[in-house]
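A quick write-up on the structure given underneath.
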Amino acid sequence: MKAHLTDLLFSIVKKMTPEMAQSQIIIERPKSIDHGDLSSNIALVMAKALKKSPREVAQDIVEQIPPTESFSKIEIAGAGFLNFYFSPKTHNEIINHALEKHTDYGRNNRGGHEKIQIEFVSANPTGPLHVGHGRGAAIGDCLARLFEFSGWDVTREFYYNDAGAQIDNLTTSIKSRCMNISPEDPAFPADGYRGEYIQDIANAYLQKSTIQSNSGTVLSAADIADDDAIKNYGVHYLRKEQDQDLAAFKIHFDVYSLESSFYEAGKIEDVITILKNKGYTYEKDGALWLKTTSFGDDKDRVMQKSDGAFTYFVPDIAYHLNKWERGFKRVINEQGADHHSTVNRVKAGLQGLDKGIPADWPEYVLHQMITVMKNGQEVKISKRAGSYVTLRDLIDEVGCDATRYFLVARRADSQLVFDIDLAKSQNSDNPVYYIQYAYARIQRVLIQWGGDFNSLRSIEEYRYETLIEKKLIKKIEEFPEIIETATKELAPHQIANFLKECAADLHGYYNDTKFLVDNNNEKNGRLSLIYATQHIIKNGLNLLGISAPDSM
RNA sequence: GCGCCCGUAGCUCAGCUGGAUAGAGUACUUGGCUUCGAACCAAGUGGUCAGGAGUUCGAAUCUCUUCGGGCGCGCCA
């Protein structure tokens with residue numbers, strides 16, 4: 001409908017000012033239904049060039065619009081806006097289109113089956129997942145769902161940093177606990193992890209418990225002297241914990257990539273060799289440096305430490321080269337904003353490899369930090385200090401659906417306050433229940449009606465004339481575009497906001513109008529409208545990974 | 001000090017590729033169930049869109065600047 005109107009206006013505008021481009025025709029959806037279903041500011045834009053008042057230009061345009069069945073009214077308003085109102089015929093078409101598409105309503109094929117990889121969570125196997133990881137999980141998974149719905153071939157991927165200094169810290173921490181050295185003890189590693197979960201791992205290790213995870217079975221050696229055995233055991237223990245938490249959050253990954261695998265395959269050395277050959281490295285102070293300043297960084301960075309070990313971003317470069325070689329022309333990395341310094345380094349490294357990788361590849365979605373409030377106080381999250389709000393705690397306390405909603409309903413680049421007491425106490429007052437209730441209410445009405453849902457069609461004999469009906473139809477018409485925009489802008493929170501508005505309109509309609517009336521035309525018209533509304537709520541909730549129960 | 005993000009109602013947040021009286025939830029004040037589930041609805045109170053300057057027909061939105069908050073600036077990840 002919007003595209004149709006764009007073409008229509010362009011054909012007229014072009015005659016008046018030939019230099020206008022189609023891209024300058026902007027059709028908006030007015031915030032208020034009082035301003036129509038669609039509107040254009042084109043007259044205001046053209047007024048200056050034509051040396052006429054915007055309202056005069058608007059009048060000229062309106063006079064040239066051929067008779068159309070799509071709009072019942074076209075008016076000039078305000079400073080010179082053109083407002084278009086859908087006709088009854090258009091109302092029918094919108095509703096019937098949504099009913100026909102059903103679970104596919106809103107789906108598009110922008111992606112054309114192209115491959116896209118979305119990497120998210122990627123928590124180090126050094127502790128349980130916390131709220132911050134939960135935010136990344138919710139955002140990343142919703143992005144993946146949006147891209148799938150937009151015709152992309154999506155790979156969800158999790159990258160484990162299972163090598164390097166942090167893992168060594170984990171190992172020494174477990175080892176110390178095995179030897180009954182508590183975190184308060186001066187002998188405990190200074191950079192060690194102090195959470196109680198370390199003791200759990202140590203106990204399991206000493207008791208020779210085996211771990212069964214996605215990646216296989218790991219037997220405990222129960223040998224305190226064997227660092228490699230402790231490391232292997234600890235990493236697998238925590239990976240299993242994380243896998244369970246993610247499963248409880250209804251998130252799955254297609255591919256798990258291990259940092260250690262790039263070491264084992266010699267990929268780190270390969271990257272170093274290429275960068276050396278391309279002349280982007282130099283030695284200083286006994287270390288090997290990468291000239292990241294050649295690619296916009298403010299200082300060069302160490303790649304290989306004086307002790308011979310590589311810094312963290314070198315495996316990252318190898319990993320991203322691997323992504324590129326696997327054929328992903330589009331890659332999105334969802335991470336916490338505390339990692340944003342890695343973005344430049346990885347991109348600099350990729351450019352230095354000179355493999356034809358575009359400078360803006362990969363794309364990043366960085367979510368800001370979460371402040372957790374409990375009992376009116378801020379809870380400081382520190383893995384090493386052992387103070388925690390785990391993702392599992394949240395899921396257990398407020399439920400998977402509500403947790404997902406809270407974590408995805410905000411823009412990624414704004415900090416969010418997660419008030420645990422509020423989320424817990426809200427039970428019946430939670431936005432997610434508000435939306436689910438709208439869905440369930442429709443379901444109850446349809447069941448009570450008892451007809452064949454799939455036979456419902458909007459018919460010409462019933463005209464949607466009330467304000468609330470027009471608002472709902474406008475929402476239905478808008479839904480596919482909301483999905484396109486949220487996908488394009490990598491902004492899943494827009495879906496959450498949209499759903500809340502839909503639910504509000506539906507509840508308003510429900511309270512205002514009785515659906516199961518004697519008049520068949522009225523009944524049919526109203527039921528088709530709420531059934532179509534149910535489709536967009538269901539499809540929208542699916543995109544957020546939130547359930548749509550028939551009754552609550 | 002430098003870089004990135006943010007600052008909108010008492011609180012939590014939308015709106016930001018410039019548009020029409022700045023929205024929602026919550027809190028507070030009222031009213032609505034013998035009628036499809038009241039986990040709902042309707043009405044009201046509440047704003048110098050952090051401050052200032054600029055760009056223009058028009059700025060919460062773009063530019064500059066000041067102030068305030070978060071994150072980063074490691075041979076940690």
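Keep in mind that the numbers below use all heavy atoms, side chains included, and drop hydrogens, waters and symmetry copies. Not measured: the values here are computed from a predicted model.
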**Item:** Donor-acceptor contact present, side-chain A:T293 to main-chain A:D300, <3.5 Å
**Value:** no
**Item:** Test item: A:R135 side-chain N/O and A:Q368 main-chain N/O as donor-acceptor pair under 3.5 Å
**Value:** yes
Complement of [N], any strand, by Watson-Crick or G-U distances under 3.5 angstrom:
| N | value |
| --- | --- |
| B:C2 | B:G72 |
| B:U61 | none |
| B:A39 | none |
| B:A50 | B:U66 |
| B:A9 | none |

**Aromatic contact, A:Y85 with A:F71 (centres under 6.0 Å)** = no
**Request:** Determine, using ring centers only, whether A:Y159 and A:Y256 are less than 6.0 Å apart.
**Result:** no
With sequence neighbours excluded, give me every salt bridge (Lys or Arg N to Asp or Glu O under 4.0 Å) pair touching [range].
| range | result |
| --- | --- |
| residues 509-521 of chain A | none |
| residues 359-371 of chain A | A:R330-A:E363 |
| residues 301-323 of chain A | A:E119-A:K323, A:D297-A:R301, A:D298-A:R301 |

What about [X]: does its side chain form a donor-acceptor pair under 3.5 Å with the base of [N]?
| X | N | value |
| --- | --- | --- |
| A:Q368 | B:C6 | no |
| A:D298 | B:G3 | no |
| A:S306 | B:C75 | yes |
| A:Y312 | B:A77 | yes |
| A:H340 | B:G3 | yes |
| A:N83 | B:A20 | yes |
| A:T342 | B:A77 | no |

**Asked** Counting any heavy atom closer than 4.0 Å, what does A:A287 reach on the DNA or RNA strands: base, sugar-phosphate only, or nothing?
**Response** base
**Message:** By the 4.0 Å heavy-atom rule, please label A:D285 as base, sugar-phosphate, or nothing.
**Reply:** base
For nucleotides 7-14 of chain B, which of its nitrogen or oxygen atoms have a protein nitrogen or oxygen under 3.5 Å away, and what is each distance?
residue	atom	partner	partner atom	Å
B:U12	O2'	A:R410	NH2	3.1
B:C13	OP1	A:V417	N	2.5
B:C13	O2'	A:R410	NH1	2.9
B:A14	OP1	A:R411	N	2.8
B:A14	OP1	A:S414	OG	3.1
B:A14	O2'	A:N497	ND2	2.9

**Prompt:** Just how far, in rounded Å, is C1' of B:G72 from NZ of A:K299?
**Reply:** 11 Å
**Fill in**
Rounded to whole Å, the OH-C1' distance (A:Y510 to B:A38) equals 9 Å
**Request:** Please determine, for the side chain of A:N41, which listed nucleotide (B:A20, B:G19, B:C36) has the closest atom?
**Result:** B:G19
**Prompt:** Can you list the residues that meet the side chain to side chain contact (heavy atoms under 4.5 Å, CB included) rule with A:N524, with sequence neighbours excluded?
**Reply:** A:L456, A:I459, A:S528
**Item:** Set of side chain to side chain contact (heavy atoms under 4.5 Å, CB included) partners for A:A409, sequence neighbours left out
**Value:** A:Y405, A:A496
For [X] and [N], is the shortest distance between a side-chain N/O and OP1 or OP2 below 4.0 Å?
| X | N | result |
| --- | --- | --- |
| A:Y434 | B:C41 | yes |
| A:R441 | B:A38 | yes |
| A:K305 | B:C76 | yes |

**Message:** A:R110: which residues meet the salt bridge (Lys or Arg N to Asp or Glu O under 4.0 Å) condition with it, sequence neighbours left out?
**Reply:** A:E484
**Message:** Please enumerate all residues that pass salt bridge (Lys or Arg N to Asp or Glu O under 4.0 Å) together with A:D401, with sequence neighbours excluded.
**Reply:** A:K250
**Set of residues satisfying ring pair (Phe, Tyr, Trp, His ring centres under 6.0 Å) with respect to A:H535, sequence neighbours excluded** = A:H102, A:Y531
**Prompt:** Among all residues two or more places apart in sequence or in another chain, which pass the ring pair (Phe, Tyr, Trp, His ring centres under 6.0 Å) test with A:Y263?
**Reply:** none
**Message:** Between A:D550 and A:H339, which residue's closest nucleotide on RNA chain B lies nearer the 5′ terminus?
**Reply:** A:D550
**Message:** Quick test of the criterion, 5.5 Å between centres and less than 30° between planes. Is A:F81 stacked on B:A20 or not?
**Reply:** yes
**A:H35 over B:A20, stacked by centroid distance under 5.5 Å, angle under 30°** = yes
With 3.5 Å as the limit, what N/O pairs link the protein to nucleotides 29-33 of chain B?
none

Dump the pairs, protein N or O against N or O of nucleotides 60-63 of chain B, anything under 3.5 Å, distances to one decimal.
none

